[in-house]
Protein chains: 2
Amino acid sequence: MSEFPTAHLGPNAAARGRMLPEMRHAAILDALRSSGAVLVAEIAAQLQVSDMTVRRDLVELERAGRLIRTHGGAVSASGSATVAMDNEEPSFDARLRRQHEAKERIAAEAATLSMAHRTIALDVGTTTYLVANHLRERAHTKVFTNSVRVAASLGTSQAEVYLAGGRVRRDELSVGGAEAVAQFDKLWFDICFVGLSGITENGLFDYSFEDVDLKQVYLRRSGLKVALCDSSKFQRMSLVHVAQLTEIDVLITDAPPPSDIVAALKAAKVDIHVAP
Amino acid sequence: MSEFPTAHLGPNAAARGRMLPEMRHAAILDALRSSGAVLVAEIAAQLQVSDMTVRRDLVELERAGRLIRTHGGAVSASGSATVAMDNEEPSFDARLRRQHEAKERIAAEAATLSMAHRTIALDVGTTTYLVANHLRERAHTKVFTNSVRVAASLGTSQAEVYLAGGRVRRDELSVGGAEAVAQFDKLWFDICFVGLSGITENGLFDYSFEDVDLKQVYLRRSGLKVALCDSSKFQRMSLVHVAQLTEIDVLITDAPPPSDIVAALKAAKVDIHVAP
DNA sequence: GATATCGTGTTTGAATTTGTTCATATTCCT
DNA sequence: AGGAATATGAACAAATTCAAACACGATATC
């Protein structure tokens with residue numbers, strides 16, 4: 001950490017010396033993560049800056065949605081769940097915002113489609129994460145996933161959650177590896193929802209080869225195989241080929257795909273759901 | 001600090017210093033959850049504020065529908081639940097606030113102790129969660145856990161995280177079950193940190209029988225077995241007996257335990273670390 | 001090298017919160 | 001019932017906290 005003497009008050013006080021705003025922000029969020037609330041005066045003393053500076057930091061952090069300001073300090077955002085789930089995560093957050101409305105429509109449609117099923121497999125990804133939010137009130141439903149985010153989100157809901165075990169991928173917070181595959185390959189799901197990063201007439205693609213193994217497990221071990229794919233991903237290939245079009249039963253998207261993809265999907269007997 | 005020792009009334013006096021209104025609200029609701037009813041004077045003494053302030057808090061909380069005010073205090077809103085169950089486990093957030101400073105000191109000590117080790121097993125719980133925050137910068141370290149919270153927290157850090165697979169327990173977000181046990185029982189950890197909810201000369205105790213299986217795995221499969229236990233848990237038994245004192249190597253706590261526990265620990269050859 | 005820009009600290013007055021006092025209302029006890 | 005004891009709420013005072021405006025220094029830009 002810091003090579004300054006420190007040795008002050010506080011558990012990990014980065015004191016004295018010039019300090020970049022980002023370091024202060026990190027310190028504030030760190031304190032918030034461990035105690036759920038911070039006080040302006042306390043932070044100011046610990047970081048050796050004026051109250052006003054701390055307040056300006058808090059304003060900025062609040063605008064970014066990382067905390068909620070109150071009189072005298074701030075409390076943790078996202079309720080006070082302290083799951084550190086909604087923290088920066090540049091990639092995931094950025095992707096979540098991108099095409100958000102389309103993804104939300106797709107997620108709602110997916111939730112409707114899942115109504116009749118009791119064991120649901122949920123892949124990793126932003127769209128599937130939004131699907132999870134729709135399943136919160138669903139009692140007597142078992143959700144199987146390899147996404148730590150989905151597990152954390154549904155961990156406070158009615159649904160029963162089963163998480164695959166194994167190595168946790170950084171940032172994406174997905175679980176992968178042979179162990180996870182073996183664990184889920186023994187099961188059978190009524191329906192699965194698989195996220196994608198690209199679709200062409202040649203099949204389905206994703207950028208992370210670490211997550212592909214489990215996508216294939218979901219597709220192999222489910223009664224109804226549903227792919228979720230917003231319109232920005234049409235005609236895009238990515239790093240890894242996940243599956244052929246014939247390997248899915250339903251594609252949920254937000255706009256009609258180009259005609260060649262439609263033709264290929266028809267040939268593969270895939271239902272196309274365009275979310276309203 | 002220029003205040004009283006404060007450690008007189010209440011099992012967990014979260015007093016001292018300034019306090020955000022939100023923290024008071026949380027404390028009130030927490031007390032309400034565990035005992036079903038609260039008294040104005042009691043809360044005021046415990047939080048070191050005037051009665052009037054407590055009343056204003058209660059007015060606010062009543063308007064929000066979180067409780068029902070009575071003469072002299074308030075009772076729980078959703079009357080049905082909250083029957084003063086002592087074996088009931090309070091919410092994660094409530095436990096995180098309770099004895100927070102002590103837990104943070106324990107966590108820092110645990111982090112220091114873990115320095116020399118490369119594969120670390122981290123149990124579920126608030127104290128172990130705080131330990132995780134100290135491991136964020138630790139590269140080339142593998143952390144094994146059954147806590148979704150720990151995995152989410154460390155998922156954006158330098159450390160490598162391995163999560164056990166299985167059923168996710170509601171609220172606590174811990175993974176449990178035969179699958180998880182089998183998965184970790186094949187491994188060997190350099191050091192493990194196990195959280196507790198009680199310790200007596202007869203051994204270690206915990207609220208949740210669902211989490212005990214994995215605690216025992218950690219203790220069975222680790223080179224150095226470390227228990228984390230703040231001083232409010234001395235002489236307290238809980239639902240489940242986790243292990244004998246002889247089954248751990250180190251106990252980290254925040255204050256010297258009562259003499260009979262010390263004697264029993266000495267007999268069991270357990271190192272006692274009192275975090276400064 | 002001069003100027004603009006950004007971040008920070010200080011001052012000031014306003015807004016919010018908290019503590020205190022004192023009538024009034026409620027509960028408890030005999 | 002009556003009356004003592006206590007809780008309550010309104011009003012006010014004191015203490016904090018907030019935010020806008022300005023000043024200062026450092027860095028960036030031309």
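Lettering of chains follows the sequences in order, A, B, ..., and the numbering in each one begins at 1. Small disclaimer: the values here were computed from a predicted structure and weren't measured.
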Enumerate all atom pairs, one protein N or O and one N or O from nucleotides 19-21 of chain D, separated by less than 3.5 Å.
| from | atom 1 | to | atom 2 | distance (Å) |
| --- | --- | --- | --- | --- |
| D:dA19 | OP1 | A:Arg69 | NH2 | 3.1 |
| D:dA19 | OP2 | A:Arg69 | NH2 | 2.7 |

Open item on the list: Could you check whether any side-chain heavy atom of B:Arg24 comes within less than 4.5 Å of a side-chain heavy atom of B:Thr53, counting everything from C-beta outward?
Closed with: yes
Open item on the list: Can you tell me if B:Thr53 touches the phosphate of C:dG19, counting only side-chain N or O atoms and a distance under 4.0 Å to OP1 or OP2?
Closed with: yes
- [ ] Ignoring hydrogens and angles, tell me if any N or O in the side chain of A:Asp51 forms a donor-acceptor pair with the backbone of A:Ala41 under 3.5 Å.
- [x] no
Task: Rounded distance (nearest 0.5 Å) linking atom NE2 of B:His134 with atom CE of B:Met115 - done: 10.0 Å
- [ ] Decide yes or no for B:Tyr129 and B:Val131: does some side-chain heavy atom of the first lie under 4.5 Å from some side-chain heavy atom of the second?
- [x] no
Open item on the list: Salt bridge or not between A:Glu60 and A:Arg66? Use side-chain N to carboxylate O under 4.0 Å.
Closed with: no
Task: Between C:dT8 (P) and A:Glu22 (CD): distance, integer Å - done: 11 Å
Task: Cation-pi, B:Phe205 ring and B:Arg236 (6.0 angstrom, 45 degrees) - done: no
Task: Atom-pair distance (CG on A:Leu39; P on C:dT17), nearest Å - done: 15 Å
Task: B:Arg24 side chain, from C-beta outward: closest of D:dC18, C:dT18, C:dG9 - done: C:dT18
Open item on the list: Has A:Ser238 got a side-chain atom pairing as donor or acceptor with A:Val240's backbone, closer than 3.5 angstrom?
Closed with: no
Open item on the list: I'd like to know if B:Arg169 and B:Asp211 make a salt bridge, using a cut-off of under 4.0 Å between side-chain N and carboxylate O.
Closed with: yes
TODO: In whole angstrom, give the distance that lies between atom NE2 of B:His71 and atom P of C:dC28.
DONE: 10 Å
Task: Terminal axes of the helix from C:dG1-D:dC30 to C:dT30-D:dA1 (five pairs each): angle between them, nearest 10 degrees - done: 30°
